[in-house]
Every structure is written in structure tokens, then in C-alpha cells.
Novice: 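I'd like to ask some things about the structure below.
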Amino acid sequence: MGIIIATSFCLFQYFTCPREAGPFVPYPDFIIGVDPPTASIPPGGTTTVSLLIKTRNGYDEAIDISLENPPPFISVELSEDEADASGKSATLATIASAEKMPSGDYEITFVGEGGDGKRREASLLLTVEKVWREFYAAIDYPQDGEYISAEPYEPVQSYGRSSGYLPEGEHAWLCIQSSKNSLIWPQFEIPQGDDQEWELSLNFGAREEYYILILIVGQFDHERFEQWRHNGMKTGDWPGLSLPRTAKIYEMVTINNT
């Protein structure tokens, strides 16, 4: 009986009493970082950041640096590593964007992969700045004074180009205007930004003389045009609008549909 009691006590002590932990043995590892973590460049510009690599606890595997799913129109050139005695090294990354790179924010992810398969990541937030260019737009077809022969509401293709930016709060719209009553029918908002070519179908009503206009309007009339198009899509009713008093005619093409 005494033996049984002693054994039970020893088992109880083994499972419930705290035991002295052994010494903690740190494992070899590495970390990477980007300095600075954010950068800004214009389209076609370059910038340089440092990739900081720090090894820990005697990590001695080779570390390869690469990019993961880089954004389009971005190129990155990495320099040779320069390690110091503490195990810390810096790799210079020269980042270049193409001239046609759209403005906006892009994340560039650098990956460090050790010879033992360890994988660490660090990211750079790259902002491609908007480059201000004066707005330009042109109607390439139909050309001024051209005769067309379209039945009422028969689509007529129109082509044009645009680039650059208008001042804040201004918008460019392609509109049809009747030569008889000066009412207009907004067709679409002309895009701003990089060089663009656009194509759309115009619909003329009765056989008469029309003007194709590029109008520059403010925010109020822009929203009015958008609402007009929304209502027309829902109801199929497209009443002519009066020409806004504050609108500026950027370009006008005369079309004879007779």
C-alpha cells in the first residue's frame, strides 16, 4: 500500500508541479526592410531606395532578392550587396517608370529568399505623380462642312483625340446642337489624362444642319448632363437641353445631314 501511495504522489508532482525550463536557443533568421518605405516619381522618372537585410543568430545562408508581381511599366535594377561586420547589408534598388505609366499609387513587393527556403517580404509604396498638361481635344471625323446622309436616329461614327487636364472642376463634353433651335444633346464626357483616341456613335434627329461641339462646362452642368443621360437610358426620352450660359465652346464642327 505504501508503494502505491508514493508512486501516485510522484505522478501527481510530475504533471502538476512547475519544472525548471531549459535554456532558450535562438534560431538563425533574417529580416528585410525598405528605406524609405514610400517614394514619388513622375512618369518617366527614377528613384532609389535601400533594401536593408539583417541576419540574426548566425544565419549564414545566401539570400536572393527578387520582385513579386511588379506593376506594369516599372523596372527595378538591384545593386550588389555590401555587408558589414554585424551581418547587416544594404542593396540599392533603382526604380524607373515608363513615360506612359498612369498616375496613381503602386505597391512594389521585394522578396528575400534564403538558401534554406526562408522567405521574408518588404514593400514600397510608389506614387506616380500626375503630370499637368494643358487639355487638348479634337474631332477628327466628321470634319467641318462634311455632308452626311443618315436617316433619323441612324448611328453615325465619330472619332477624336484628347490629352491633358482641365482645371479642377471643369469637364469636356461632346454634344450635338441643332442649328434651328440651339438645343443640345450631350453625347459623352471626353476623357482627360494620357493621350487617348475615342470613337462613338452619334445619333441625329431630323435631316437638317447640326453642330458637333466640344463644350467645357463646370461641375453643376456636368452633373446635369450625367443625370440627363441616366434619365434617358431609363425612359428612352431624350429631350434637348438649353446650352448652359457658362459653357465654353472649345471646338465646333458643322454637319449637313440633308
Novice: Using a 3.5 Å cut-off and no angle test, enumerate the donor-acceptor pairs between side-chain atoms of residues 62-77 and protein atoms at least two apart in sequence or in another chain.
Specialist:
residue: Glu68; atom: OE2; partner: Arg119; partner atom: NH2; Å: 2.3

Novice: So, for Pro191 and Phe135, which heavy atoms are closest and what is the spacing to 0.1 Å?
Specialist: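 That closest heavy-atom pairing would be O-CE1, 4.1 Å.
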
Novice: In terms of heavy-atom contacts, does CD of Gln143 have more than 12 from other residues, nucleotides or ligands at under 6.0 Å?
Specialist: no

Novice: When you group the ILVMFWY residues by side-chain heavy-atom contacts below 4.5 Å and let the links chain together, are Trp228 and Met233 in the same group?
Specialist: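 Result: yes, single cluster for both.
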
Novice: Count the heavy atoms belonging to other residues, nucleotides or ligands that lie under 6.0 Å from NZ of Lys118, then report whether that count exceeds 12.
Specialist: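 Counting neighbours around NZ of Lys118, more than 12 heavy atoms of other residues, nucleotides or ligands fall under 6.0 Å, so yes.
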
Novice: If you count every heavy atom of other residues, nucleotides or ligands that lies below 6.0 Å from Glu134 atom CD, does the total exceed 12?
Specialist: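 No, CD of Glu134 has 12 or fewer neighbouring heavy atoms, counting only those of other groups under 6.0 Å.
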
Novice: Where does the angle between the aromatic ring planes of His222 and His171 fall among parallel (under 30°), tilted (30 to 60°) and perpendicular (over 60°)?
Specialist: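 The arrangement is parallel - the two ring planes meet at less than 30°.
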
Novice: Please indicate whether Phe220 has more than 12 foreign heavy atoms, meaning atoms of other residues, nucleotides or ligands, lying under 6.0 Å from its CZ.
Specialist: no

Novice: Taking it one step at a time, do Gln157 and Ser201 satisfy side-chain hydrogen bond (donor to acceptor under 3.5 Å, both in side chains)?
Specialist: CA-CA 5 Å; Gln157 292 301 110; Ser201 297; 2.4 Å; yes

Novice: The criterion is side chain to side chain donor-acceptor pair (under 3.5 Å); which residues satisfy it with Arg161, sequence neighbours excluded?
Specialist: Asp140

Novice: Identify all side-chain donor-acceptor contacts of residues 174-186 below 3.5 Å with residues at least two apart in sequence or on another chain.
Specialist:
residue: Gln177; atom: NE2; partner: Ser182; partner atom: O; Å: 3.1
residue: Ser178; atom: OG; partner: Lys180; partner atom: N; Å: 3.1
residue: Ser178; atom: OG; partner: Asn181; partner atom: OD1; Å: 3.3
residue: Ser178; atom: OG; partner: Glu208; partner atom: OE2; Å: 2.7
residue: Ser179; atom: OG; partner: Glu209; partner atom: O; Å: 2.7
residue: Asn181; atom: OD1; partner: Leu183; partner atom: N; Å: 3.0
residue: Trp185; atom: NE1; partner: Trp238; partner atom: O; Å: 3.0

Novice: Show your reasoning for whether side-chain contact (heavy atoms from CB on, under 4.5 Å) applies to Thr109 and Glu107.
Specialist: CA-CA 6 Å; Thr109 301; Glu107 185 176 37; 4.1 Å; yes

Novice: Quick one: side chain to side chain donor-acceptor pair (under 3.5 Å) partners of Glu168, sequence neighbours excluded?
Specialist: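 With sequence neighbours excluded, Glu168 shows a side chain to side chain donor-acceptor pair (under 3.5 Å) to no residue whatsoever.
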
Novice: With sequence neighbours excluded, what pairs up with Asp195 under the side chain to side chain donor-acceptor pair (under 3.5 Å) test?
Specialist: Arg133

Novice: Same cluster or not: are Ile216 and Tyr136 linked, directly or through other Ile, Leu, Val, Met, Phe, Trp or Tyr residues, by side-chain heavy atoms under 4.5 angstrom apart?
Specialist: yes

Novice: Show me the donor-acceptor pairs within less than 3.5 Å that the side chains of residues 28-49 make with the rest of the protein, sequence neighbours left out.
Specialist:
residue: Asp29; atom: OD1; partner: Arg120; partner atom: NH2; Å: 3.1
residue: Asp29; atom: OD2; partner: Arg120; partner atom: NH2; Å: 3.1

Novice: Output the rest of the hydrophobic cluster of Tyr159: all Ile, Leu, Val, Met, Phe, Trp and Tyr residues reachable through side-chain heavy-atom contacts under 4.5 Å, sorted by chain and number.
Specialist: Tyr141

Novice: Starting from the C-alpha separation in whole Å, work towards a yes-or-no answer on side-chain contact (heavy atoms from CB on, under 4.5 Å) for Phe225 and Leu241.
Specialist: CA-CA 9 Å; Phe225 289 177; Leu241 300 176; 4.0 Å; yes

Novice: Can you list every pair that meets salt bridge (Lys or Arg N to Asp or Glu O under 4.0 Å) and has a residue in residues 215-226, with sequence neighbours left out?
Specialist: Asp221-Arg224

Novice: Quick one: ring-ring contact (aromatic ring centres under 6.0 Å, His included) pairs with a partner in residues 105-127, sequence neighbours left out?
Specialist: none

Novice: Any chance the side chains of Ser158 and Glu199 put a donor and an acceptor closer than 3.5 Å?
Specialist: no

Novice: If you apply the rule side-chain contact (heavy atoms from CB on, under 4.5 Å), what do you find for Leu126 with Asp105, and how did you get there?
Specialist: CA-CA 6 Å; Leu126 179 69; Asp105 293 331; over 6 Å; no

Novice: Given the rule that I, L, V, M, F, W and Y join up when any side-chain heavy atoms are under 4.5 Å apart, are Ile148 and Leu200 in one cluster?
Specialist: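 Yes, one cluster joins them.
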
Novice: Side chains of Pro155 and Leu202, heavy atoms from C-beta outward: is any pair under 4.5 Å?
Specialist: no

Novice: Please collect all salt bridge (Lys or Arg N to Asp or Glu O under 4.0 Å) contacts where either partner lies in residues 232-242, sequence neighbours excluded, each pair once.
Specialist: none

Novice: Do you know which two heavy atoms are closest between Ala247 and Val217, and how far apart they sit?
Specialist: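 In terms of heavy atoms, the two residues are closest at CB-CG1, 3.9 Å.
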
Novice: How long is the span from the CD atom in Gln187 to the CG atom in Leu215, to the nearest 0.5 Å?
Specialist: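 That separation rounds to 11.5 Å.
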
Novice: Suppose we screen for side chain to side chain donor-acceptor pair (under 3.5 Å). Which residues come up paired with Glu197, at least two apart in sequence or across chains?
Specialist: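 Per chain and number, Glu197 pairs via side chain to side chain donor-acceptor pair (under 3.5 Å) with no residue.
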
Novice: Distance-only check: which donor-acceptor pairs under 3.5 Å involve side-chain atoms of residues 249-256, not counting sequence neighbours?
Specialist:
residue: Tyr250; atom: OH; partner: Ala137; partner atom: N; Å: 3.3
residue: Glu251; atom: OE1; partner: Ile139; partner atom: N; Å: 3.1

